[in-house]
Amino acid sequence: MRNQTQTLMKETSDQPVRMTGAQAVMQSLINEGVDILFGYPGGAIMPVYDALYSVSDKLNHILVRHEQGAVHAAQGYARATGKVGTCIVTSGPAATNAVTGIADASIDSTPLVVISGQVGSLLLGTDAFQETDVVGITQPVTKWNYQITKPEEIPWAIARAYYIARSGRPGPVLLDITKDAQFGSLDYVYKPMTSIRSYTPYPAIDPRQVEEASRLINLSKKPLALIGQGVVLAGAEKEVIEFLEKTGIPAAMTLLGLSAVPTDHRLYVGGLGMHGNYGPNIMTNKSDLLIAIGMRFDDRITADTKRYGTNAKIIHLEIDPAEINKIIHADAPVLGNVKESLPMLTEKVSKNDHNEWLSEFKACYRVEYERLIERELYPDKPELTMAEVVRRVTAAYDDDAIMVTDVGQHQMVAWRYFKFKQSRSVITSGGLGTMGFGLPAAIGAKLGRPDRPVVLFVGDGGYQMTIQELGTIYQSRVPVKIVLLNNNFLGMVRQWQELFFDNRYAQTELINPDFQTIAKGYHIPSLKITEREKLDDAVKEMVNAEGPFLLEVVVEKEGNVFPMVPAGMSVEDVRLE
């Protein structure tokens, strides 16, 4: 059977080949260029896994320990590589376990194809064993989903799924395949999809919109560019740099836009939003023009929308028409792929510099450094800070590693203090804020980019949500470096309890296990440090380790993350302490 299947796989795609639906799934993935699958087998998807056995030389399957981990790993792979991530799960609880990752991918525009098994079509709607209406459940959090009940539908559905997932504004797609469709036979022919009627992933760019945007830019005295993940998704990093350097406009980053512009670029002024840098927040309301490029004006960026950009005209370069005027009114919307619209804009704008305006950001940074950054990086107390750990790690990698984070205080500190030289170096859960994202996402990122170091920053709370994926690291030999910043608290929730709930620490203090013992059980070497003088040697040992490594650093227990824009306030109300 193995040799027969391999022979089938060598047939040209325009010649019909008789095979089972399960074999058609595998062949379609191969035709789409899939190289790595993340998944967990079960009864309703077993025929597909049986077909996988015959093509294991072409498809590397990574056996995770939980279906949520499969989706997060596929997300990490997709974000690190720019390819579509793929995972396979069975029906019922497996499919519902995947929903959190699918929702995370949806709000963060991550291209995924999730394949779930389903009970036989004759059992649909009967509450059969491990039957769940996963199509109904995932409809709000997918770009497209579809239930396959006939083997003949498989090639078409998979081609459509990958086209939708990767095109336009990317996102997750779910295919639910009944067991009889997997067992059934078809005459297989695969045709990659290049268009779908009524689906326009790349809107036509209106030259009049570009003209109006260029007019506003040429008139502006205090412009500020807001760089989002859309730049990365479009592969428009070069185009952004050319635009910024011609116009001399300062550039600030969203959380997911970080690394689109190198942090050492002269026009890079820091991060935006609730825990962003002081200057970009203060200057948002002093700017006379905000140029949003591939970002969606998330509430963590804008704070109180009625007091956001109060003196500014708004230009919004965006591929998704649903985002235009959804939150912030755009005076000059430019609909289209920024990789195409930005060069059109760059051609029309005048060459300029805004050195005086840029100096105001530098003055803000000096204030932030003197009042906050200096004491975080060079504290005068015995407890280690998250900031000094992050800065030592990024320096050890010459500011050129892929940074993966979980969600919480450590996430905000990491994005403030980690440095980047190249794009696709930030992998984190943005819109959904999913604790437990980090560990499996780091696995996917490292498998997708084995040529780059991948370092995970994780808190003791989020780490324990998907700690079972240490088993995946061990079995698949994934050399992920894990920096566990342990404060024995659910730190971000505790910070809010301190600042806004009169220090009532309701259920946020953690009694943690011995993380070193757990790592040892998975044959992962580890170190735990509590003293500053041991930090450099510990980081060096982690960096030099050939395989995976856990570095647990005990940090100050009640440290807070600043700057901070309190909820409901204006961006100019940003607090440094």
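A quick note: this is a predicted structure, and the numbers were derived from the prediction, not measured.
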Would you check if the side chain of Gln229 reaches a backbone N or O of Asp108 as a donor-acceptor pair within less than 3.5 Å? yes
Ile402 and Ile427 have their tightest heavy-atom pair at CG2-CD1, 3.9 Å
With a 4.5 Å heavy-atom cut-off, do Asn145 and Val173 have their side chains touching? no
Yes or no on salt bridge (charged side-chain N to carboxylate O under 4.0 Å, His left out) for Arg532 and Glu388, after CA distance, side-chain angles and deciding distance? CA-CA 9 Å; Arg532 183 168 290 110; Glu388 62 181 315; 2.8 Å; yes
Say you draw a straight line from OG1 of Thr142 to CG of Leu174; how long is it, rounded to the nearest 0.5 Å? 6.5 Å
Steps toward salt bridge (charged side-chain N to carboxylate O under 4.0 Å, His left out) verdict (Asp400, Lys419): CA-CA 7 Å; Asp400 201 23; Lys419 303 297 181 181; over 6 Å; no
Would you mind reporting whether Leu535 and Leu384 have side-chain heavy atoms less than 4.5 Å apart? yes
Can you check whether Gly436's main-chain N or O pairs, donor with acceptor, with Asp406's side chain at less than 3.5 Å? yes
If we count only N and O atoms by modelled type, under 3.5 Å, do the side chains of Glu498 and Asn560 hold a donor and an acceptor together? yes
Determine the minimum heavy-atom distance between Glu32 and Arg166, stating which atoms define it. OE1-NH2, 3.1 Å
Return yes if some donor-acceptor pair links the side-chain N/O of Thr405 with the main-chain N/O of Gln411 below 3.5 Å, else return no. no
Looking at Arg296 and Asp298, is there a salt bridge between them, counting it only when a charged N and a carboxylate O are closer than 4.0 Å? yes
Check for a donor-acceptor pair, side chain of Asn281 on one end and backbone N or O of Asn277 on the other, with a separation under 3.5 Å. yes
Do you know which two heavy atoms are closest between Gln409 and Met492, and how far apart they sit? CG-N, 3.5 Å
Asn487 and Arg494: side-chain donor and acceptor closer than 3.5 Å? no
Exceeds 12 heavy-atom contacts within 6.0 angstrom, atom CD of Glu546: no
Salt bridge present between Asp536 and Arg392 (N-O < 4.0 angstrom): yes
Answer yes or no on whether Arg391 is positioned over the face of Tyr417, meaning its NZ or CZ is under 6.0 Å from the six-membered ring centre and within 45° of the axis. no
Donor-acceptor check, side chain of Lys83 to backbone of Ala78, threshold 3.5 angstrom: yes or no? no
Restricting to side-chain hydrogen bond (donor to acceptor under 3.5 Å, both in side chains), what partner residues turn up for His61, sequence neighbours left out? Tyr49
Sequence neighbours excluded, which residues qualify as ring pair (Phe, Tyr, Trp, His ring centres under 6.0 Å) partners of His523? Tyr474
Distance-only polar pair, side chains of Tyr369 and Glu376, donor-acceptor under 3.5 Å: no
For Lys421, the side-chain hydrogen bond (donor to acceptor under 3.5 Å, both in side chains) test, sequence neighbours excluded, returns Asp398
Would Asp304 and Arg307 satisfy salt bridge (charged side-chain N to carboxylate O under 4.0 Å, His left out), going step by step from the backbone distance to the final call? CA-CA 6 Å; Asp304 182 1; Arg307 292 184 285 168; 2.9 Å; yes
Does either side chain, that of Asn503 or that of Gln497, offer a donor lying less than 3.5 Å from an acceptor on the other one? no
Any side-chain heavy atom of Thr86 within less than 4.5 Å of one from Ile36? no
What I want to check is whether the side chains of Glu469 and Thr472 have a donor and an acceptor closer together than 3.5 Å. yes
Are any side-chain N or O atoms of Asp573 and backbone N or O atoms of Ser570, one a donor and one an acceptor, separated by less than 3.5 Å? yes
Tell me whether Glu237 is salt-bridged to Arg424, with the criterion being a basic N under 4.0 Å from an acidic carboxylate O. no
Asn486 side-chain N/O to Asn488 backbone N/O, donor-acceptor pair under 3.5 Å: yes
With the side chain counted from C-beta on, respond yes when Val240 and Ile227 share a heavy-atom pair under 4.5 Å apart, and no when they do not. yes
Go through it in stages, so that I can follow the logic: the residues are Gln475 and Tyr522, the test is side chain to side chain donor-acceptor pair (under 3.5 Å), and I'd like the CA-CA distance, side-chain angles, deciding distance and then a yes or no. CA-CA 9 Å; Gln475 180 167 344; Tyr522 288 105; over 6 Å; no
Scan side-chain atoms only and decide if Ser259 and Ser425 contain a donor-acceptor pair under the 3.5 Å cut-off. no
Please report the closest heavy-atom contact between Glu67 and Asn97, naming both atoms and the distance. OE1-ND2, 2.9 Å
When you check the side-chain N and O atoms of Gln118 and Glu131, is any donor under 3.5 Å from an acceptor? no
Mind listing the closest non-hydrogen atom pair of Met435 and Gln68 along with its distance? O-NE2, 4.3 Å
Could you walk me through whether Lys381 and Glu556 pass the salt bridge (charged side-chain N to carboxylate O under 4.0 Å, His left out) check? CA-CA 9 Å; Lys381 52 191 173 184; Glu556 55 181 337; 2.6 Å; yes
Donor-acceptor side-chain pairing of Asp35 and Tyr77 below 3.5 angstrom: yes
d(Asp380 CG, Arg375 CZ) to nearest 0.5 Å is 9.5 Å
Lys481 side chain to Met542 backbone, donor-acceptor under 3.5 Å: yes
Quick one, Val458 and Val483 - any side-chain contact, counting heavy atoms below 4.5 Å? no
Thr263 side chain to Phe420 backbone, donor-acceptor under 3.5 Å: yes
If we only count heavy atoms from C-beta on, is the Leu258 to Tyr268 side-chain gap below 4.5 Å? yes
Quick one: pull up CZ in Phe297 and CG in Leu272 and give me the separation to the nearest 0.5 Å. 10.0 Å
